[in-house]
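Both counts, for ligands and for their atoms, begin at 1 and track the order of listing. Here, residue 1 is the first one in the sequence, and each next residue gets the next number.
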Amino acid sequence: MPRIASVLLPMPLPEAFDYAEPEGLALAVGDHVTVPLGPRVIRGVVTALRDGTGGNRPLKPVLERVDDPPLPPGALAFVEWAARYSVDVPGWPLAMALRGLRHPPPKPDKVLVLTGVQPARVTPARLKVMAAAEGTKLSGAALASAAGVSAGVVKGLVDEGVLAVDFVEPERGLPQPDLSLPARALNPGQAACVDVLKDMLESGGFQAALLDGVTGSGKTEVYLEAVAEALKDPETQVLVLLPEIALTQAVMARFEQRFGALPAEWHSGVSPPRRRQVWEAVAGGNARIVVGARSALFLPFRKLRLIVVDEEHDSSFKQEEGFIYQARDLAVARAKIEGASVLLASATPSLESLYNAQTGRYRWLRLSARHGAAQLPDIGLVDMRQTPPEPGRWLSPPLIKAMAVTLQRGEQAMLFLNRRGYAPLVLCKACGEKMKSPDTDSWLVEHRYTGRLVCHLTGFSMKKPEACPHCGAKDSLVSIGPGVERVEEEARHIFPDARVAVFSSDTVMDAEGAKALVSSMAAGEIDILVATQAAAKGHNFPNLTLVGVVDADLSLRGGDLRAGERTFQLLAQAAGRAGRHEKPGRALLQTYAPDHAVMRALAAQDRDAFVEAEMAMREDAGLPPFGRLAAVIASGPDGAALDAYVEALAAVIPNAEGVEVFGPADAPLALVRGRRRKRFLVRAERNVDLQGFMAAWRARAKVPNSVRVVIDVDPYSF
Ligand code: ADP
């Protein structure tokens, strides 16, 4: 009986296409194949097989099978699930699942072996080569060097047929974790968490837990033991997701200590050949522990037993471009599909996860004290209205005083400001013109190291002009507001003897750079570290006892739904960098709103009160986690076509109970690279099939060629 193969292509197409299975190919679901698509030949994956022919319109045949490890059923089901969840085409998540295969497989190594043929002429040099070739498979060059002779001698033996060329597969294995190494002695709180997790893993199937422990409580130690438990079955695999590549090295080192081998690493900084190797090892079950960024969720695990999402509250788990998804939510879905457990860890969990813990969907494991003698830092507020900095400066007298005391003691301070560059705005004092990014709703940020004005949104940059481009006035451009470079300048000015460094994505370009800076900080070669968000996470500096937050109100502005939650998380994490070892730590938050609920909760170290108030507010407003949100963002260079489209869309909103649509309105970034952006927001009750609603709605209005429409489920900026 002839069969039809449904083949999904890693392209923006709405569904899998049918092809005829050529006789004798014996395809299976998950196989990689090439198929014709118009004039092109494309590679895709078989998602289903059924008996039949195309009827009167004969189907084009599958061309050939590609000899790569097939996509396991769980990975395939996940791709389909992710597409439906994100109201997007399945080709996008499939492209992510196949990313590791973009680089060709390593070629077999060419080696030389003895054939048994005797040389016509025997010389001492030839004898040395034959001795070295006995029982080995070395390349020509390696053989010559092992025998200590010239390449010509080896070549002569090949020409005579004494040696012949052979091919061997390059080494593709990965180091395996040693599960017999002893665990660290856990404190009683940690041990209790590990007991619950072991129990959960033993009982099998899908299970979820929230590991909710203050900074420095030893959450990593706890999940290392859960990983050990999950790997007891010799075939199982574990995935650990981290929000930032900058954190990977530190976590990899902890795994190496615990299991004697580095885990497989997966993120954008990994080289393409290495990605191919990791992909194959994951598909083959050889990679037992993978530590990676959110895209690691799409790897072809064969037998996934546990997913850990570390720093689960972190907003970088949300991918906002291309295929839009929230990796924390997809991690839970993947675990469900695989019948695995998922462990979400954070010192400041998201309200969504706390809600799931409170309502009993997740097991809730709490660690309320730091490990050992370390104490949580004391958090103080500096009221900037009472004790303002000098004009044109950003550090207040109380913070300067605390820094002086810290430096006198030979301890380190970190100043935290979530703003790259020197100043977020440059304006002309003659005409008032603000320097803006071309065709984009965004100011240009001044960078003094490079002398440039940069758009952080589009990447546009220009040399800082000497005269105002608008009115032509000379030397009239002034820098408004602080960035890390400006705070560094001020710190150097106030403490001329201190060693000051900046940790931002401009000064630390890659993992190597981050490592170098982290080790000079750990070695005490830096007294004051001025850092953006990336540096505020994860790192452990024993001698860091003071954290100063330059502008604690920064992320409260803008009024988005998660502003309060995010500010709380950011500041609690930043403060949590201080005093992680024996020496007590202190954090000072500079704020103009010391009475704001977020600031009060931080100062009182009362997370629960903050969560309770925030939850009550969300419940009143029907916002997540009590309701569901989605956004439609339409954009295009042609304003009239865009307006016509959003009006048409507004006219065909489906009638559905428990759903409200707001808009259209300008999106928060209303103009980017010359494209205007409009947005609808959709709020639904929890039990509504929001994805189904969005898909049905979008299908009702034809999209003009110049307009691009994206649906963002659970949007972050509100
Ligand atoms: P978290 O992930 O909660 O921030 P970590 O796991 O990084 O905490 O632990 C904080 C510090 O305490 C680390 O330096 C870690 O090595 C140490 N630590 C945690 N638990 C233990 C333990 N049981 N024995 C020894 N040291 C521990």
Side-chain angles (χ1 to χ4, degrees), residues 181-198 209-229 238 240-244 246-259 263 289 291 306-314 317 328 343-350 353-354 357 364-377 379 412 414 518-519 521-523 533-545 547 569-585 587 605 607:
L181 294 177
R184 259 196 178 159
L186 298 177
N187 66 42
Q190 292 171 329
C193 293
V194 170
D195 281 346
V196 174
L197 292 171
K198 281 189 172 166
L210 174 65
L211 178 55
D212 172 3
V214 297
T215 53
S217 57
K219 294 184 290 299
T220 315
E221 295 300 325
V222 169
Y223 75 65
L224 283 170
E225 295 321 306
V227 169
E229 177 70 24
V238 169
V240 180
L241 292 182
L242 303 174
E244 298 273 342
L247 278 177
T248 320
Q249 295 316 317
V251 172
M252 298 274 288
R254 303 271 295 260
F255 272 87
E256 190 180 23
Q257 268 171 21
R258 176 64 183 83
F259 298 111
I289 308 174
V291 172
L306 172 68
I307 305 177
V308 177
V309 184
D310 200 0
E311 310 287 357
E312 68 89 35
H313 64 279
D314 200 287
F317 281 122
R328 183 210 327 125
L343 176 60
L344 311 177
S346 175
T348 50
S350 61
S353 297
L354 281 171
W364 194 356
L365 312 173
R366 298 194 78 163
L367 289 170
S368 52
R370 284 190 161 176
H371 176 75
Q375 293 296 309
L376 280 169
I379 300 180
Q412 294 166 308
M414 181 167 97
V518 167
S519 46
M521 183 75 184
Q533 180 172 2
K537 292 177 193 164
H539 300 295
N540 249 325
F541 301 118
N543 203 32
L544 173 66
T545 56
V547 166
Q569 289 162 342
L570 210 58
L571 298 181
Q573 295 280 350
R577 293 308 109 207
R580 289 177 60 102
H581 290 251
E582 293 79 28
K583 294 177 187 161
Q605 311 254 13
R607 187 193 83 186

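The distance criterion of under 3.5 Å between nitrogen or oxygen atoms is met by Gly218 with respect to ligand 1. Of the N or O atoms in Arg254, one or more lie within a sub-3.5 Å distance of an N or O in ligand 1.
Under the 4.0 angstrom criterion, atom 22 (C) of ligand 1 counts as having a protein heavy-atom contact.
Interface atoms of ligand 1 facing Glu221, defined by a heavy-atom separation under 4.0 Å, are 6 (O), 16 (O), 19 (C), 20 (N), 21 (C). With ligand atoms numbered from 1 in the order given, ligand 1 contributes 22 (C), 23 (N), 24 (N) to contacts under 4.0 Å with heavy atoms of Ala185. Taking every heavy atom of Gln190 and a limit of under 4.0 angstrom, the matching atoms of ligand 1 come to 19 (C), 20 (N), 21 (C), 22 (C), 23 (N). In the vicinity of Leu186, heavy-atom distances shorter than 4.0 Å reach the ligand 1 atoms 23 (N). Interface of Thr220 with ligand 1, defined as ligand atoms under 4.0 Å from a residue heavy atom, comprises 2 (O), 5 (P), 6 (O), 7 (O).
Residue contacts with ligand 1 for Glu225 are absent, since no atom lies close enough (heavy atoms, distance under 4.0 Å). Proximity of Arg184 to ligand 1, defined as any heavy-atom pair under 4.0 Å, is confined to the side chain (atoms from C-beta onward). Contacts between Ala345 and ligand 1, counted as non-hydrogen atom pairs separated by less than 4.0 Å, are absent for every part of the residue.
Judged by distance alone, with hydrogens and angles left aside, the side-chain atoms of Arg258 form a donor-acceptor pair with the main-chain N or O of Leu181 at under 3.5 Å. With hydrogens and angles ignored, the 3.5 Å screen pairs a side-chain donor or acceptor of Gln190 with a backbone N or O of Ser217. Side-chain atoms of Lys219 come within 3.5 Å of backbone N or O of Gly213 as a donor-acceptor pair. Not a single donor-acceptor pair under 3.5 Å links the side chain of Gln569 to the backbone N or O of Asp314.
Of all non-hydrogen atoms in Ala347 and Val214, the two that sit nearest each other are CB-C, 3.9 Å. Counting all heavy atoms, side chain and backbone alike, Cys193 lies closest to Leu365 at SG-CB, 3.9 Å.
Looking from atom 1 (P) of ligand 1 to the surrounding protein, the closest heavy atom is Lys219 N, 3.5 Å. Remark: minimum distance from atom 25 (C) of ligand 1 to any protein heavy atom is reached at His371 NE2, 3.3 Å. Closest to atom 14 (O) of ligand 1, if we only count protein heavy atoms, is Asn540 ND2, 3.9 Å. The protein non-hydrogen atom at the shortest distance from atom 4 (O) of ligand 1 is Gly216 N, 3.0 Å.
Here the side chains of Leu186 and Glu221 are in contact, with some heavy-atom distance below 4.5 Å.
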task: Might you work through the side-chain contact (heavy atoms from CB on, under 4.5 Å) test for Leu343 and Leu197, ending with a clear yes or no?
output: CA-CA 9 Å; Leu343 176 60; Leu197 292 171; 3.9 Å; yes
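The shortest heavy-atom distance from Gly213 to ligand 1 is not under 4.0 Å.
For Thr545 and Gln412, the side-chain atoms include no donor-acceptor pair closer than 3.5 Å. When only modelled atom types and interatomic distance are considered, Gln573 and Thr348 share a side-chain donor-acceptor pair under 3.5 Å.
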